[in-house]
Asks: 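Submitted below is the structure of interest, expressed as structure tokens.
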Amino acid sequence: MTFVRWKHLISFLLFYFIITTTGPALLAQGAADTESNRSTNISPGDATRPALHTFNTDAIDTVNTRIRSDGSERVWQMTGPFGGDVTALAIDPRNADRIMLGTSDGQIFRSSDGGQIWKRIRPGIKASGFSVTVILFDREQPNLIYVGIRAITQLAEETKGGAIFISEDNGENWREFEGMHGRAVRGLVQSANDAKVLVAAALDGIYRTVDRGQFWHRITPANDPELRGFHSVAVDPRDVNIIYVGTNHLPWKTLDGGETWKRAGSKENGMIDDSDIFAIHIDEANPDTVVMSACSGIYRSLDASAKWTKIQGIPYTSRRTHVIYQHPSRPDVIFAGTTEGLWLSTAHGKPESWIRVTSIRLVINAIAIHPDRPDRVFLGTEDHGVLVSNDGGETYDRSNAGFINRQVRAVLADRKERGRVYAGVIFDGANSGLFVSEDGGLSWQQSMQGMGVRDVYSLYQSASVPETIYAGTNHGLFRSEDQGRSWTPVKKEELKEEIEGEPKESIESDRSKQPEAQPVPTHSRPRRVTKSQDNEKVELIVQTRTKPGTQKAKTQTKKKPGARPRSYAGVKTRKPPVIVKKPKPIPPDPNAPIDLQSQVFSLVLFTPRREAEAGGSSEGSASENGANQPPSNWMIASTWDGLFYTEDEKKGWKRMKLRPSGSGDAGPPKQPRINAIATSPLVPGLIYVGSEEGLFISTDNGESFKLMLIGDEVRRIRSIVLDPRTADTIHIGTSTGFFRSSDGGRSWENRGGGMPVLSDIGSIVINPLNPDELYAGDDLRGGFYYSKDQGKNWDKLEINQLPSTKIWSLAADPFVRNRLYAGSSSGGVYVMTRR
């Protein structure tokens, strides 16, 4: 072996030793884009094409927390999968490489190197549950930045509010404008004529300040039946009192700072009446040229809204345009960000000049270009994060290193392969699905071969065959037999040609009784009528011909006894149709096995209780009779359609009811919504089901359930975890706190020391390498708790610096005792390491 090869081998062994002993979560501070953390070229009509992976130690955000009781420290790393929704994007007018973006969960990220690496601003505006709608750099004052937000939850024109924040130190610290508290802000602009004047479009009105936000005044009438539901706003660069606003029904305009308003567009002057105005752009070089985007298309006026012309060239399906953007140094270049990609015109919007320059699958929310770098174009998108072009907007690459805005509903640490972790991402379109990490969560690769576009809600790995992994998606259940590298849908097998125990002859005879479909002839021609091969008594009818003047008709078939004449002299008989009675439709069997077609929220292995064990263990107690049983093929799944079980997935799934049907019921009883399932191989037949209406327990394979009281009350159950050593120890997370039972559910202890009286425990995990250790997430206060004595006492971990404190799922590393993986509601996967 050459010296060079020896050198490479020694380097590899040394690197492997460091990774496996020190731990990847403590070595690296980040990773660059792969298919979430990877650069990807996106061109017209193409899917994504991953580029070469480059490792970057600056991309991963890290937060440290310390437990006071023992002095130990937790290192939290926000590892990805990088990407997600970008709702706002802006470039500092004084620095082309300084860019800020906002997310749909109130986070703000900043890049100081032209978008190569993004850093989350901490603590930021602390607006979880709110979407950042606009980021605005002040035209005159350096380091002054404005941010507008609105509540995510919005029904029609009702909202939980929003606000406008200001930072005077380049985004390090923020404060809220009191005058805009509770306003759902959708747009915010600064006057080019007077920088002290800002105008905001909120859902309930148009607000203006003349002193950079110290005082705000509403300039639209309250409760006006027409002037309401505002989307957008623009100020004429020549006059601060000329303001255009877009509503959910046509644009409006004021010439006197809001004293009076008139409709600026309608069918009388060229704009379709049913038009939501999403964006307004005024050409600063020629302010009489105004462009508006609406649900009905893009409109342009050359005379300050006196007359509108619909811009042609963009297809009807792409007309929902979120943003109109004019190039800051090339006024003839106009971008249209739509729900079907980015469109570009290099001839000031002429019909024949529009071309789509990205994939049709992209939804564009924001566009930003700095005049000092005219060929570099930034796009803020849904699902794909940030895209950047360096050739004037013709081709785009992802630039998401360090940026995360993804919802991870399920996380799983592989029980066979050290460092292999799985994450189920939802609500990200083609970027949803299963992501796999092979380095302890530092970098991620999407793995959806055979699954298609799916949201992954749950993950389960077989204990007996660890290569087999199940993924519960928004459209059924999928199975992988190669540790998540490829997938196939879990469906019933087709009926075999021969059924075991039944002779082939009987199958053929049954088949012969079914009418066969006849091919449709391609042209009319005489057909030979042959004897029917079936056993039905279908009378054959053949045409007869009689010569003129003859007395008797000759037929080609023998007349059957009792048959009536078929022809008459001189008349050609016609063949009547053979009427075959269709069998009555057989109503579907409600108990017949089915395939899972809807969302699969959770999946667990189940050890059934055999008939010989019927008199065995008492209800809820931990019997050892399951320890020596062979591996079970039974599984239980909670879905959008209810609870199901299977004895063999190849034979389909059967419904399991928490509430049985009674003889006097008018219809099937309503089944509760299910949040959690737990079983134990130590107690065959035992099933715990946590629902919106309480905790249900079955000891007879799910044949019957009864409702269990938790602390003398029926509580909403969100999570259930059983001790792997004994099923008598049960940990329950409810909407009113944490509960623990050590006697199979006969009695319950509330919360334990160190945990608040009232909490909402949505996730619990036990350390498999030390079952006395528990972690629990509190969605009510955004807290995270650690117990080293089976939940009797708790230490709080401060996680307010994390992008999201809502934890969907938890998984302990089966190889590294001090490592935990958490799936968050907007911050991707957290890797927590104790040191």
Asks: Can you see which heavy atom on Ala163 is nearest to which on Phe165, and at what distance?
Replies: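 Reported closest heavy-atom pair: CB-CE1, 3.9 Å.
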
Asks: Any chance you could measure Thr734, atom OG1, to Asp760, atom CG, to the nearest 0.5 Å?
Replies: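 Rounded to the nearest 0.5 Å, the OG1-CG separation comes to 7.5 Å.
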
Asks: Between Val421 and Val436, is any pair of side-chain heavy atoms under 4.5 Å apart?
Replies: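 Val421 does not reach Val436 side chain to side chain.
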
Asks: Measuring from atom OG of Ser824 to atom CD1 of Ile404, what distance do you get when rounded to the nearest 0.5 angstrom?
Replies: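 If we round to the nearest 0.5 Å, Ser824:OG and Ile404:CD1 are 7.5 Å apart.
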
Asks: Quick check: are there more than 12 heavy atoms from other residues, nucleotides or ligands sitting under 6.0 Å from CZ of Arg415?
Replies: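 Yes, CZ of Arg415 has more than 12 neighbouring heavy atoms, counting only those of other groups under 6.0 Å.
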
Asks: Report the C-alpha separation of Tyr207 and Arg183 in whole Å, then their side-chain angles, then the decisive distance to 0.1 Å, and conclude whether the side chain to side chain contact (heavy atoms under 4.5 Å, CB included) test is met.
Replies: CA-CA 10 Å; Tyr207 295 83; Arg183 312 296 182 190; 3.1 Å; yes

Asks: Evaluate Arg716 against Glu692 for salt bridge (Lys or Arg N to Asp or Glu O under 4.0 Å), listing each step before the verdict.
Replies: CA-CA 5 Å; Arg716 177 185 177 225; Glu692 294 289 305; 3.0 Å; yes

Asks: Check the side chains of Tyr457 and Asn474 for a donor-acceptor pair under 3.5 angstrom, ignoring hydrogens and angles.
Replies: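 Absent: no donor and acceptor within the cut-off.
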
Asks: Whether the Asn818 and Thr833 side chains hold a donor-acceptor pair (N or O, under 3.5 Å, no angle test) is what I'd like checked.
Replies: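 There is no such pair (donor and acceptor under 3.5 Å, judged by atom type) between the side chains of Asn818 and Thr833.
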
Asks: Between Thr639 and Trp653, does a side chain to side chain contact (heavy atoms under 4.5 Å, CB included) hold up when you go through it step by step?
Replies: CA-CA 12 Å; Thr639 76; Trp653 296 75; over 6 Å; no

Asks: In terms of relative ring orientation, are Phe696 and Phe705 parallel, tilted or perpendicular, with 30° and 60° separating the classes?
Replies: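 Taking Phe705 first and then Phe696, their aromatic rings stand perpendicular (interplane angle over 60°).
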
Asks: Are any non-hydrogen side-chain atoms of Val604 and Met635 less than 4.5 angstrom apart?
Replies: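 The answer is no, as the side chains (C-beta and beyond) never meet within the 4.5 Å cut-off.
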
Asks: Regarding Gln77 and Asp61, is there a side-chain donor-to-acceptor distance under 3.5 Å anywhere?
Replies: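 No, no side-chain donor-acceptor pair sits under 3.5 Å.
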
Asks: Check the side chains of Asp743 and Ser741 for a donor-acceptor pair under 3.5 angstrom, ignoring hydrogens and angles.
Replies: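 Yes - a donor-acceptor pair under 3.5 Å links their side chains.
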
Asks: Please say whether more than 12 non-hydrogen atoms of neighbouring residues, nucleotides or ligands are located less than 6.0 Å from CD in Glu73.
Replies: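 Yes - once you tally the heavy atoms of other residues, nucleotides and ligands closer than 6.0 Å, there are more than 12.
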
Asks: Is there a side-chain contact between Ile697 and Lys706 (heavy atoms, below 4.5 Å)?
Replies: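 Of all side-chain heavy-atom pairs linking Lys706 with Ile697, at least one is under 4.5 Å.
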
Asks: Is the shortest heavy-atom distance from the side chain of Tyr422 to the side chain of Val411 under 4.5 Å?
Replies: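 When only atoms from C-beta onward are counted, Val411 and Tyr422 do not touch, as no gap falls below 4.5 Å.
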
Asks: Could you grab the distance from atom CD1 of Ile766 to atom CD of Gln790, nearest 0.5 Å is fine?
Replies: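 Here the rounded value is 8.5 Å.
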
Asks: Hey, are the side chains of Leu412 and Gln461 touching, using non-hydrogen atoms and a 4.5 Å cut-off?
Replies: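 Yes, at least one pair of side-chain atoms sits under 4.5 Å.
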
Asks: Rounded at 0.5 Å granularity, tell me how far CZ in Arg609 sits from CD1 in Ile687.
Replies: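 Arg609 CZ to Ile687 CD1: 11.5 Å, rounded to 0.5 Å.
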
Asks: Can you list the steps and then say if Thr473 with Asp455 is a side chain to side chain contact (heavy atoms under 4.5 Å, CB included)?
Replies: CA-CA 5 Å; Thr473 77; Asp455 293 342; 5.9 Å; no

Asks: Any idea which heavy atoms bring Gly745 and Met708 closest together, and the distance?
Replies: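 Reported closest heavy-atom pair: O-SD, 3.8 Å.
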
Asks: Can you name the closest pair of heavy atoms from Pro768 and Ala812 and give their distance?
Replies: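 Of all heavy-atom pairs spanning Pro768 and Ala812, the closest is CD-CB, 3.3 Å.
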
Asks: For the residue pair Ser602 / Ser638, report whether a side-chain donor-acceptor contact shorter than 3.5 Å exists.
Replies: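 Result is yes, a qualifying pair exists.
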
Asks: Which heavy atom of Ala637 sits nearest to which heavy atom of Leu596, and what is that distance?
Replies: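 The answer is CB-CD1, 3.9 Å.
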
Asks: Report yes if the side chains of Asn64 and Trp76 come closer than 4.5 Å at any heavy-atom pair, otherwise no.
Replies: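 In short, these two side chains do not touch, never coming nearer than 4.5 Å.
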
Asks: Is a donor from one side chain sitting under 3.5 angstrom from an acceptor on the other, for Ser104 and Asn405?
Replies: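 Present: a donor and an acceptor within the cut-off.
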
Asks: Would you check if the distance from the ring center of Trp118 to the ring center of Phe82 is below 6.0 Å?
Replies: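 When the ring centroids of Trp118 and Phe82 are compared, they turn out to be at least 6.0 Å apart.
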
Asks: Are side-chain heavy atoms of Gln407 and Trp808 found at a separation under 4.5 Å?
Replies: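 A side-chain contact exists here, since the closest heavy-atom pair is under 4.5 Å.
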
Asks: What do the steps show when you test Ser167 against Asp169 for side chain to side chain donor-acceptor pair (under 3.5 Å), and what is the final call?
Replies: CA-CA 6 Å; Ser167 172; Asp169 54 6; 2.9 Å; yes

Asks: Could you note down all residue pairs passing side-chain hydrogen bond (donor to acceptor under 3.5 Å, both in side chains) where residues 775-787 supplies at least one of them, sequence neighbours left out?
Replies: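 The answer is Arg74-Tyr775, Arg718-Asp779, Glu773-Tyr786, Asp779-Lys806, Tyr786-Arg834, Ser787-Asp789.
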
Asks: Before giving the answer on side chain to side chain contact (heavy atoms under 4.5 Å, CB included), spell out for Trp174 and Ile121 the whole-Å C-alpha distance, their side-chain angles and the decisive distance to 0.1 Å.
Replies: CA-CA 10 Å; Trp174 298 83; Ile121 294 178; 4.1 Å; yes

Asks: Checking Arg186 against Thr133: is there a side-chain donor and acceptor pair closer than 3.5 Å?
Replies: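 No.
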
Asks: Measuring from atom CD1 of Ile135 to atom CE of Met100, what distance do you get when rounded to the nearest 0.5 angstrom?
Replies: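 Answer rounded to 0.5 Å: 5.5 Å.
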
Asks: Determine whether Lys670 and Glu693 satisfy the following criterion, salt bridge (Lys or Arg N to Asp or Glu O under 4.0 Å), listing intermediate values before the conclusion.
Replies: CA-CA 11 Å; Lys670 182 180 178 181; Glu693 301 177 18; 5.5 Å; no

Asks: Walk me through it: do Ser804 and Ser825 pass the test side chain to side chain donor-acceptor pair (under 3.5 Å)?
Replies: CA-CA 6 Å; Ser804 173; Ser825 67; 2.7 Å; yes

Asks: Does any N or O in the side chain of Thr87 come within less than 3.5 Å of the main-chain N or O of Val132, such that one atom is a donor and the other an acceptor?
Replies: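 Present.
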
Asks: Kindly give the heavy-atom pair with the smallest separation between Pro669 and Pro660, and that separation in Å.
Replies: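 In this case the closest contact between Pro669 and Pro660 is CG-O, 3.4 Å.
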
Asks: Taking the six-membered ring for Trp and the single ring otherwise, decide whether the centroids of Trp634 and Phe606 are under 6.0 Å apart.
Replies: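 Yes.
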
Asks: If you define the side chain from C-beta out and look only at heavy atoms, does anything of Leu802 sit under 4.5 Å from Met78?
Replies: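 Contact flag for Leu802/Met78 side chains = yes.
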
Asks: Could you give the distance from CE (Met656) to OH (Tyr645), rounded to the nearest 0.5 Å?
Replies: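 Between Met656 CE and Tyr645 OH, I get 6.5 Å after rounding to 0.5 Å.
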
Asks: Sort out for me which residue in Arg817, Lys788, Arg725, Lys792 forms a salt bridge (Lys or Arg N to Asp or Glu O under 4.0 Å) with Asp772.
Replies: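 It is Arg725, the one option of Arg817, Lys788, Arg725, Lys792 that forms the salt bridge (Lys or Arg N to Asp or Glu O under 4.0 Å) with Asp772.
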
Asks: Listed by chain and number, what are the side-chain hydrogen bond (donor to acceptor under 3.5 Å, both in side chains) partners of Ser128, not counting sequence neighbours?
Replies: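 Expected list: Asp105.
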
Asks: Might you point out which heavy atoms bring Gln107 and Pro803 nearest each other, and give the distance in Å?
Replies: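 Shortest heavy-atom separation between Gln107 and Pro803 comes out as NE2-O, 2.7 Å.
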
